Number of protein chains: 2
Amino acid sequence: MTTAGSSKHGAAVTMRDVAKLSGVSVSTVSHVVNDKPGARIGKDARRRVQEAVEQLGYRPNVLAKTLSRGTSAFIGLVADEIATTPFAGQIIHGAQDEAWKHGFVLLVANTDGNAAVEDDAIAMMLEHQVRGILYSSWYHREISVPEALHQTDTILVDCFADGSGLPAVVPDEEQGGRTATEELLAHGHRRIAFLNTTTPSPAQTGRLAGYRSALEAAGIGFDPALVLPVAPDQGGGYAGTSHVVDSGASAVFCHNDRVAMGVYDGLRERGLRIPDDVAVIGFDNQDVIAAHLRPTLSTVALPHYELGAAGVRMLLGVDPAPDDEPRLVACPPVLRHSV
Amino acid sequence: MTTAGSSKHGAAVTMRDVAKLSGVSVSTVSHVVNDKPGARIGKDARRRVQEAVEQLGYRPNVLAKTLSRGTSAFIGLVADEIATTPFAGQIIHGAQDEAWKHGFVLLVANTDGNAAVEDDAIAMMLEHQVRGILYSSWYHREISVPEALHQTDTILVDCFADGSGLPAVVPDEEQGGRTATEELLAHGHRRIAFLNTTTPSPAQTGRLAGYRSALEAAGIGFDPALVLPVAPDQGGGYAGTSHVVDSGASAVFCHNDRVAMGVYDGLRERGLRIPDDVAVIGFDNQDVIAAHLRPTLSTVALPHYELGAAGVRMLLGVDPAPDDEPRLVACPPVLRHSV
DNA sequence: CTGAAAGCGCTAACAT
DNA sequence: ATGTTAGCGCTTTCAG
């Protein structure tokens, strides 16, 4: 029966209160509440302390604890627009879960890509004595590292900065492109179009490289005429449909799910059926799109959750960071009904 | 010229270091770094301290500060699946921004709706001496309040618990439904179908009430035959299209954007054009859907960002909470091209 | 104008 | 087996 000791704002119950009530010293209390290894505590004292804790509703003050131990349990996560972005929010989720698993709590800051806010955020984290910082982007790209980040351990997540010496963890775009293409190949397609993005990025080059390598591994020559760069959105996909159809391809690999969404529109307009007339596969696995298109869209997932989790692991040294090279996280296929 | 004092993990620079270097006492340092109101500090001493701060790269230790002042600057946000959910992540974003504005930092915990995790999360926050907790849901609904929440100030965000006595802030579903309907009315439609959800919820009843009230205000009788409850997703919208078409309606208000997405498919299949043959308006403003459909979807936005911000304001007492009744936040129309 | 000193809640030797 | 004591980094009276 808890007598709600620390209710609301009445000065919180401290260790001293517990000590007094149970008739022992604070250090004894400290030992029992922390279940210290070499804890030589009498059976009776221990019980009394536990009862007092229960009765007063005592909660340790983590802040005091970290002050005294000199080591905080915070991990900072600065995000440009992650929280703003649908699926990329999983980075936070993954980091959160992994951090907790190791007894750390996440301090998240959304900067909206604003450099000033970013500096404030980092300063704030440093003032909170974070164990380290995860600096992340909502899409895979090269970034330039804010000066302040060098004042603590930092890991780049879903972004990288060659030459900065900072460890990074990013999606394996090439393997993703290969996986998508292989999926199409596995369904017997030989003439596969690729609606790539017009935007220079690791995704652009990586996915293309994967597409080529899958083709080559299957003994199919790379035909430049089958690749068309389009705006990486619904409009681009819609516009690119004619090229795909004219090229005589029986399947198309779209740079992302939004492009695929546009292709759906284009194909439908021409009375072509998916996947019978043309099979389509996307990339990103944006749930709101992929799972709700008709037919549902087969695609390759960006491993956001895993990126966040891996970032934390690297920061904590659980997972040693590879030298120099960013660590690659696999992009798994998500099979639905468009192939 | 900063001589990077606190680089990496070398014992952080403390106030004492600054005091020593500038030849004053810690209390003086404290006064100048905090720019204390009644700060009678000599021009010279002040300068020396500032130089020392600069030179050593001193950063106050917030944890020590809160310990000493007894008042922490954390606000907890426990979310069921918000971070997991596309647009609802804006609740976090809004809360974050507003918290910062007042000098607080957010401690976010995703619980995935797991009660045990939830209890842990709340305990964690209490141990971090949070100023209060924002308990939020990823969609508007009634929840039952975890016991532990009563140990601190808490605000319910995008959810409510009648009789719990806890202040809540939720979207104004009825006004939203009215707004959507009015938009259709403004474009001359008189026969407006409503594809509502089959799921009992504040959204279901609220939006319906708004629909009716807009109709009545326009002198149009409510026709039950125009309202069809469907599964609140793409499939439901697709299936409901025939009812809409058969009813002879020239416009349809969809319970949410996913339903609208299905209606798009259904309409297209029948060769009907949007908005010429049938005008469509959604609800939720799920960006990935609404902004990328063709034509782009007019809809009503769920004010997630504002819910988060309002929650923080209520918690901090900036915005007094209305008694008993949840505070309603308006759902603004987002006009695009489907009406 | 500035400094000494007493805490904030907790941990960690060191005594007993 | 348990208590004492000295901090952790900072704020805040209260004296000089």
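Excluded from the calculations below are hydrogen atoms, water molecules and symmetry mates; all remaining heavy atoms, backbone and side chain alike, are included. The structure presented is a predicted model; accordingly, all values stated were derived computationally and were not measured.
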- Does a side-chain N or O from A:N34 land closer than 4.0 Å to OP1 or OP2 of C:dT11, or not?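 Looking at the OP1 and OP2 atoms of C:dT11, one of them is under 4.0 Å from a side-chain N or O of A:N34.
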
- C:dG3 phosphate, OP1 or OP2: any side-chain N/O from B:T28 under 4.0 angstrom?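 Yes, within the criterion.
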
Could you state the atom-to-atom distance from [atom1] of [X] to [atom2] of [N] in whole Å?
X	N	atom1	atom2	value
B:R48	C:dG3	CZ	P	8 Å
A:R47	D:dA1	CZ	P	17 Å
B:M15	D:dT12	CE	C1'	12 Å
B:H31	C:dA5	NE2	P	17 Å
A:E127	D:dT11	CD	C1'	16 Å
B:L63	D:dG7	CG	C1'	17 Å
A:D35	C:dT11	CG	P	13 Å
B:I41	D:dT11	CD1	P	13 Å

- Does any non-hydrogen side-chain atom of A:L328 lie less than 4.5 Å from one of A:V170?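 They are in side-chain contact.
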
- On DNA chain C, check which nucleotide each of B:G42 and A:P60 is closest to and give me the residue with the more 5' one. B:G42

- Task: Only counting residues at least two apart or in another chain, list the ones meeting side chain to side chain contact (heavy atoms under 4.5 Å, CB included) with B:D119.
- Result: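 Applying side chain to side chain contact (heavy atoms under 4.5 Å, CB included) to B:D119 gives B:P146.
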
- Item | Proximity to the side chain of B:R16 - top-ranked nucleotide from D:dT5, D:dC8, C:dG3 | D:dC8

- Task: Give the nucleotide from the list D:dT12, C:dG3, D:dC10 with an atom nearest to the side chain of B:N61.
- Result: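 The answer is D:dC10.
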
- Message: Heavy-atom count check: over 12 atoms from other residues, nucleotides or ligands less than 6.0 Å from A:R16 CZ?
- Response: no

For [X], answer base if it contacts any base atom (sugar-phosphate contacts may also be present), sugar-phosphate if it contacts only those atoms, and nothing otherwise; contact means non-hydrogen atoms under 4.0 Å.
X	result
B:V29	nothing
B:S30	base
A:S27	base

- Applying the side chain to side chain contact (heavy atoms under 4.5 Å, CB included) test to A:Y58, which of A:V18, A:L21, A:V49, A:D17 qualifies? A:V18

- Could you check which residues of residues 65-75 of chain B get a heavy atom under 4.0 Å from DNA chain D? Sort them by number, please. B:K65, B:S68, B:R69

- Task: Look at the aromatic rings of B:H128 and A:F74 and report parallel, tilted or perpendicular, splitting at 30° and 60°.
- Result: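 Ring orientation of B:H128 relative to A:F74: tilted.
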
- Task: Using a strict cut-off of less than 4.0 Å between a Lys/Arg side-chain nitrogen and an Asp/Glu carboxylate oxygen, indicate whether B:R141 and B:D158 qualify as a salt bridge.
- Result: no

- Task: Keeping to residues at least two apart or across chains, list the side-chain hydrogen bond (donor to acceptor under 3.5 Å, both in side chains) pairs with something in residues 66-75 of chain A.
- Result: none

